[in-house]
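Just so it is clear, the model here is predicted, and its values are computed rather than measured.
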Amino acid sequence: MTTQITSARPAAGPRKGSRRRPPASSATNVGRPGFAWALPAAVFFALFAITPLIMVAVLSFMSWDGLSSPEFVGMDNWSRLMDDPVMLKSIWLTLLLTVLGVVVQTPLSIVLGVWAAGHQRNRAVLSVIYFIPLLLSATAVSVLWRALLDPNFGIPADASWLFGDGNLFGEQATAIGVLAFVSTWQFTPFHTLIYQGAARAIPHVLYQAAEIDGAGRYRQFFHITLPQLRNAMITSMILMIVGGLTTFETVLILTQGGPGTDTTISAYYMYDKAFKSFDYGTGSAIALVLVVAATIISLIVVRVSGYDKMRSSMEGVS
């Protein structure tokens with residue numbers, strides 16, 4: 001009996017140089033989302049942003065007390081604003097508080113943000129304590145500081161050697177100082193978060209190379225950290241400018257525009273005209289001025305800084 005041995009042929013495999021294509025999944029066949037996905041947000045924005053803005057623009061050419069029918073008066077509201085000394089003063093005060101906010105909050109936020117991005121001992125606990133003002137509303141913060149700075153029962157009453165008569169709201173200089181301080185105390189943690197995230201995104205290899213070249217901490221901060229925070233700095237400044245131009249609750253609760261009209265900023269003057277004097281036409285004109293001013297200033301900052309030309313995903317790299 002003879003046994004015939006036959007060698008098994010190897011199974012045919014892929015040819016040399018050929019690659020097997022992965023099976024097409026349903027995820028790869030899905031195209032880009034259509035306009036229908038953005039439709040709810042677009043409708044919401046049109047109803048609660050675009051439509052009220054158009055109504056305010058139309059109302060700025062009307063005379064309306066909130067009860068009777070609106071009456072078209074043309075440019076009367078605008079011409080009265082141009083000759084109104086309180087309006088011109090309110091614009092100057094608004095710009096002053098905005099500049100103070102940017103000048104004070106920017107360096108403070110950068111230093112705290114870079115520090116919070118590090119690995120220091122007890123950093124997390126201290127960061128949580130420092131970010132508490134960010135959790136409070138502007139109204140709650142204003143009520144808190146109004147009570148703390150009360151000339152009769154607050155801190156100034158117990159520290160007359162520092163605050164004099166204790167009435168910080170009785171003079172323009174001290175009242176503006178209080179407004180700037182309260183805004184800084186509340187909103188600096190928000191901008192600190194922006195710089196903290198940006199500082200953590202800086203490639204660590206840059207600092208390693210600087211250490212090899214003999215650069216110390218201060219040189220690293222000014223030659224690496226600050227340039228890399230350029231995008232975050234511009235974003236933070238734009239938010240500060242828009243926030244400064246639209247500040248309202250702090251003035252309403254702390255000073256109510258006083259003493260006299262010494263802290264009457266444009267947003268508060270708009271409220272005073274529309275809801276106290278029932279002159280909704282003039283109030284709408286002031287609101288439109290604020291919208292246009294905030295938009296123009298933001299566009300100028302973006303244009304001058306070159307922020308619109310940065311295409312890199314890395315912070316500060318153009």
Side-chain angles (χ1 to χ4, degrees), residues 97-138 140-141 144-145 179-247 250 294-295 297-318:
L97 283 174
T98 302
V99 171
L100 284 175
V102 172
V103 170
V104 175
Q105 293 182 41
T106 298
L108 192 58
S109 301
I110 291 175
V111 172
L112 291 173
V114 173
W115 175 83
H119 303 282
Q120 299 85 354
R121 189 179 181 183
N122 298 325
R123 175 194 56 81
V125 176
L126 293 176
S127 296
V128 169
I129 295 174
Y130 179 73
F131 290 138
I132 288 177
L134 189 58
L135 305 177
L136 305 177
S137 66
V141 170
L144 170 67
W145 282 105
L179 293 175
F181 168 77
V182 172
S183 298
T184 300
W185 185 82
Q186 182 185 8
F187 294 112
T188 298
F190 171 74
H191 299 281
T192 299
L193 278 178
I194 296 177
Y195 290 114
Q196 180 184 5
R200 286 183 175 175
I202 300 175
H204 190 63
V205 67
L206 298 178
Y207 296 103
Q208 292 175 342
E211 287 180 1
I212 294 174
D213 291 338
R217 237 178 231 185
Y218 293 102
R219 291 192 65 183
Q220 290 179 21
F221 178 79
F222 287 103
H223 294 279
I224 296 178
T225 305
L226 279 184
Q228 294 292 309
L229 294 179
R230 180 183 177 188
N231 284 1
M233 196 179 303
I234 296 169
T235 302
S236 175
M237 287 178 63
I238 291 175
L239 292 175
M240 288 181 189
I241 291 171
V242 175
L245 294 176
T246 56
T247 298
T250 308
T295 303
I297 294 176
S298 300
L299 290 176
I300 290 175
V301 172
V302 170
R303 192 72 175 176
V304 171
S305 62
Y307 182 78
D308 57 332
K309 297 179 181 178
M310 293 185 181
R311 306 179 188 276
S312 174
S313 60
M314 291 181 63
E315 188 67 21
V317 180
S318 55

Minimum heavy-atom distance between Thr192 and Ser109, given as atom pair plus value: OG1-CA, 3.7 Å
Exercise answer: donor-acceptor pairs, residues 201-219 side-chain atoms, under 3.5 Å, sequence neighbours excluded:
unit_1	atom_1	unit_2	atom_2	d
Tyr207	OH	Thr225	OG1	2.7

Shortest non-hydrogen contact from Ser298 toward Ile238: OG-CG2, 3.8 Å
Non-hydrogen atoms of Arg200 and Ala116 that approach each other most closely: NH2-O, 3.4 Å
Rounded distance (nearest 0.5 Å) linking atom CZ of Phe190 with atom CG of Leu134: 7.5 Å
Distance in Å, Ile110 CD1 paired with His191 NE2, rounded so as to fall on 0.5 Å steps: 11.5 Å
Side chain to side chain contact (heavy atoms under 4.5 Å, CB included) between Thr247 and Leu97, worked out: CA-CA 9 Å; Thr247 298; Leu97 283 174; over 6 Å; no
Nearest heavy-atom neighbours spanning Met240 and Val102: SD-CA, 3.8 Å
Pairwise side-chain contact, Val141 with Pro133, heavy-atom cut-off 4.5 Å (strictly under): no
Pairs touching residues 103-137 that satisfy ring-ring contact (aromatic ring centres under 6.0 Å, His included), sequence neighbours left out: none
Spatial distance of atom CD1 (Ile300) from atom OG1 (Thr295) [nearest 0.5 Å]: 11.0 Å
Residues Leu245, Ile297; criterion side chain to side chain contact (heavy atoms under 4.5 Å, CB included); working and verdict: CA-CA 10 Å; Leu245 294 176; Ile297 294 176; 4.1 Å; yes
Side-chain donor-acceptor contacts of residues 179-187 below 3.5 Å, not counting sequence neighbours, with atom names and distances?
unit_1	atom_1	unit_2	atom_2	d
Ser183	OG	Leu179	O	3.0
Thr184	OG1	Ala180	O	2.8
Gln186	NE2	Leu136	O	3.4

Gap between atom CG of Leu229 and atom CD1 of Ile194 - 0.5 Å precision: 11.5 Å
Euclidean distance, Ile234 CD1 relative to Met237 CE, rounded to 0.5 Å: 8.0 Å
Distance (rounded to the nearest 0.5 Å) between Ser127 OG and Ile132 CD1: 11.5 Å
